**Student:** 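Dropping the structure in here first, questions after.
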Amino acid sequence: NSLIIIDELGRGTSLEEGSGVCWAVCEELLKGETFTFLATHFQLLPRLANLYPAVANYHFLVEQQDGQQQQQLAEGDNGQTNLFVHKLVKGERAEAEEKNYGIELAANTNLDSEVVERARAFVPKISFTSATIPNIGRFDERCLNLLKSIRSMNRLGMPPNELIDNLRLLRKDFLTETSTLDEQHMET
């Protein structure tokens with residue numbers, strides 16, 4: 001009955017080593033039943049959800065508005081303002097959202113503009129190539145969702161009759177969903 005909160009594990013070393021340390025610690029924590037929050041900038045870590053059904057990803061939204069708005073925090077390359085709205089949403093960030101905002105935030109500090117521009121020019125030169133972690137297909141996603149549902153029911157401590165009824169419903173839904181996937185797969 002523990003809660004673990006981890007913020008930026010592995011950030012004091014190289015990107016590759018930090019990602020590796022963070023990944024390994026996460027895998028170790030996943031062996032237990034401890035509820036864990038992990039905040040990270042490592043873009044590889046959300047892929048844990050593809051391999052472990054107990055992992056759920058969340059991220060904060062950033063809205064882009066025109067540069068004339070009062071709540072300006074960071075002006076991006078496109079002249080729009082990035083408004084950090086602090087809205088937490090479930091799921092991994094979409095690839096279209098895979099943007100870092102550190103340089104835009106630095107531009108709004110007292111850093112010399114030449115330093116900010118040098119940083120902006122340097123980023124593409126040191127960009128980390130992401131490791132290959134498998135993406136899951138729709139069938140695998142349904143299997144993982146089924147496992148998550150079963151684990152949730154187990155943790156709730158349902159009476160045996162109620163558990164059996166719920167498992168029957170899950171089985172029926174799962175077979176219906178996956179048979180549709182099979183038909184769609186056959187058509188392509």
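Computed from a predicted model, the values in this text were never measured in an experiment.
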**Student:** Taking the side chain as everything from C-beta on, heavy atoms only, tell me whether Leu38 gets closer than 4.5 Å to Cys22.
**Tutor:**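 When only atoms from C-beta onward are counted, Cys22 and Leu38 do touch, with a gap below 4.5 Å.
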**Student:** What is the distance from atom NE2 of His59 to atom CG of Leu88, rounded to the nearest 0.5 Å?
**Tutor:** 8.5 Å
**Student:** How about Lys90 and Asn57: do any of their side-chain heavy atoms sit closer than 4.5 Å?
**Tutor:**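 Not touching, per the 4.5 Å side-chain cut-off.
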**Student:** Kindly give the heavy-atom pair with the smallest separation between Leu30 and Ala54, and that separation in Å.
**Tutor:**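 Closest approach of Leu30 to Ala54: CD2-CB, 4.1 Å.
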**Student:** List the atom of Thr34, the atom of Ser2, and the distance in Å for their closest heavy-atom pair.
**Tutor:** CG2-O, 3.4 Å
**Student:** Are Phe35 and Tyr58 joined in one hydrophobic group, where the rule is that I, L, V, M, F, W and Y side chains link up if heavy atoms are under 4.5 Å apart?
**Tutor:** no
**Student:** Give every donor-acceptor pair under 3.5 Å between a side-chain atom in residues 163-176 and any protein atom, sequence neighbours left out.
**Tutor:**
residue	atom	partner	partner atom	Å
Asn166	ND2	Glu162	O	3.1
Thr176	OG1	Lys172	O	2.9

**Student:** Determine the minimum heavy-atom distance between Ser19 and Leu45, stating which atoms define it.
**Tutor:** O-CD2, 4.2 Å
**Student:** side-chain contact (heavy atoms from CB on, under 4.5 Å) with Asp112: which residues, sequence neighbours excluded?
**Tutor:**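 Glu114, Val115.
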**Student:** Is any side-chain heavy atom of Arg11 closer than 4.5 Å to a side-chain heavy atom of Phe42?
**Tutor:** yes
**Student:** Output all residues satisfying ring pair (Phe, Tyr, Trp, His ring centres under 6.0 Å) with Tyr52, sequence neighbours left out; order by chain, then residue number.
**Tutor:** none
**Student:** Counting C-beta onward and ignoring hydrogens, is there a side-chain heavy-atom pair between Thr13 and Val21 closer than 4.5 Å?
**Tutor:** no
**Student:** Ile4 and Trp23: same hydrophobic cluster, using ILVMFWY side-chain contacts below 4.5 Å?
**Tutor:**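 In one cluster: yes.
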